[in-house]
Protein chains: 2
Amino acid sequence: MNILDQTPKIIKSIPNPGIFKALAHPARLAILEVLRDGEACVCHMEAHLGYRQSYLSQQLAVLREAGIISDRREGWNIYYQVVNPNIFKVLDSAALLSCESVAKKHQSSLSCPCPKCNPNK
Amino acid sequence: MNILDQTPKIIKSIPNPGIFKALAHPARLAILEVLRDGEACVCHMEAHLGYRQSYLSQQLAVLREAGIISDRREGWNIYYQVVNPNIFKVLDSAALLSCESVAKKHQSSLSCPCPKCNPNK
DNA sequence: CCAATATATTCATGATATTGAATATAATAT
DNA sequence: ATATTATATTCAATATCATGAATATATTGG
C-alpha cells in the first residue's frame, strides 16, 4: 500500500535539510555559541571570535536566510538573536554525538565597542 | 583575557560541523527515517524510498564516513543501522524548528527481496 | 570456474559553497 | 553636507557537493 494513497493516522515530519546546511560550518556554529548568551551585535562577535566584519556579515546572512537568526537595529548597531531557542537543542544533541572542544582559531584580543558592552561611555 | 590562557572551569563543547553536513540532504534524511525502525539493507531502502541502488550506496557512504551509520554483512545483504540513536534527537529537535510533511518524491511500489522481509522463502 | 545477486566505487559534469577583497549602505555626529 | 561608525553586499576565484552512468567487488549457488 502506498503511503500517498491513504490519509495518514500519524503525521510524520522530517527536518528541513536547509537547517543542517546552515549549521554545517564552524564559523556559523561559533556565532550561535555567542548568541547562546542572548543577542549580540556584529562588533561583539568580531571582538569575541576574531573574524573580520565582512566575513561575519556573510555568515550571519546565511543564518538569517535560513531563518535561524533575526536582526534588530538600534542606532549604529544591529543586534542578532536566535529566532527559536530550540536551535540550541539541535546543537546540544549533536554535540553529544561527537563533541569538539572550543579551540577558537580566531580568538581576538579586541574588546567590543558597542553601547551594550560600554554602558558608561 | 584570552580563553586559551587559562584552564577552563567549564568544558564547553560544540558539535562537529561534519554531522550537519551529512544531514543536509533530503535523501540522507529519508534513509535515516527508514533506519528509525531498526537496521535495514540497501534493497529495503530501494524498495521503500524508490531511489536507485547506486545512488543509495553513494548516500550511505556519506553517512558512513560521517560516522552516523555502520554496516554489517549477512550473506548477500548488507544491513545498515545508526551508530548512536541520539542522532534521532538531532533530527527530532530540528523537525520542531521547521517541519515538512513526509511527501516522498520517490515512493516506490517495489517490495524488498531481502531475507528479513521474506522469511519463508 | 561461471552466473546471479546485492552492494560499492569511480568518473565526469554541472551546481553550489567558501572566502578574500573591494565597495556600498545606513545611522549618527559635527 | 561631510565624516565616522557599524554593518551589508557584490565580485571573483577556488573548492566542494550532487548526481547519472558505467563499472567493480563480494557472496552464494551451481
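Order of the sequence lines sets the chain letters (A, B, ...), proteins ahead of strands, with each chain counted from 1. All values below were derived from every heavy atom in this structure, side-chain atoms included, with hydrogens, water molecules and symmetry-related copies excluded.
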For B:D92, check side chain to side chain donor-acceptor pair (under 3.5 Å) against everything at least two apart and list the hits.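 With sequence neighbours excluded, B:D92 shows a side chain to side chain donor-acceptor pair (under 3.5 Å) to B:R36, given in chain and number order.
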What pairs with A:S57 under side chain to side chain contact (heavy atoms under 4.5 Å, CB included), at least two apart in sequence or on another chain?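 A:S57 satisfies side chain to side chain contact (heavy atoms under 4.5 Å, CB included) with A:Q53 once adjacent residues are dropped.
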In whole angstrom, what separates A:L63's CG from C:dA17's P?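 After rounding, the gap between these two atoms is 14 Å.
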Axis-to-axis angle between the two ends of the helix from C:dC1-D:dG30 to C:dT30-D:dA1 (five base pairs per end, rounded to 10 degrees):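 Comparing the axis at each end, I get an angle of 10°.
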Nucleotide C:dT16, atom C1' - distance to NE2 of A:H25 in whole Å: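 To the nearest whole Å, that distance equals 13 Å.
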Could you tell me which residues satisfy salt bridge (Lys or Arg N to Asp or Glu O under 4.0 Å) with A:R72, sequence neighbours excluded, listed by chain and number?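 If we apply the salt bridge (Lys or Arg N to Asp or Glu O under 4.0 Å) test to A:R72, skipping adjacent residues, the hits are A:E39, A:E74.
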Using whole Å, report how far CZ of A:R52 lies from C1' of D:dA6.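 Rounding to the nearest Å, CZ of A:R52 and C1' of D:dA6 are 16 Å apart.
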Residue pairs, two or more places apart or on separate chains, that pass ring-ring contact (aromatic ring centres under 6.0 Å, His included) and touch residues 53-84 of chain A: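 Sorted result for residues 53-84 of chain A: A:Y51-A:Y55.
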Which pairs would a plain distance check flag for residues 21-31 of chain A, meaning a side-chain donor or acceptor within less than 3.5 Å of a matching protein atom at least two apart in sequence or in another chain?
| residue | atom | partner | partner atom | Å |
| --- | --- | --- | --- | --- |
| A:H25 | ND1 | A:A27 | N | 3.1 |
| A:R28 | NE | A:A22 | O | 2.6 |
| A:R28 | NH2 | A:K21 | O | 3.3 |

Can you tell me how far C1' of D:dT7 sits from CD of A:Q59, to the nearest Å?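 For the pair A:Q59 CD and D:dT7 C1', the rounded distance is 15 Å.
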With A:S54, which residues qualify under side chain to side chain donor-acceptor pair (under 3.5 Å), at least two apart?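 Checked A:S54 against side chain to side chain donor-acceptor pair (under 3.5 Å); matches are A:R52.
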Residues two or more places apart in sequence or in another chain: which of them pass side chain to side chain donor-acceptor pair (under 3.5 Å) with A:N84?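 A:N86.
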Using only side-chain N and O atoms of B:R28, determine if any of them is under 4.0 Å from OP1 or OP2 of D:dA18.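 B:R28 to D:dA18 OP1/OP2: side-chain N or O found under 4.0 Å.
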Where along nucleotides 4-11 of chain C does protein come under 4.0 Å, by heavy atom, of base (B) or sugar-phosphate alone (S), with - for untouched nucleotides? -BSBBBB-
For A:L32 against A:F88, the heavy-atom pair lying closest together: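 So the two residues come closest at O-CE2, 3.4 Å.
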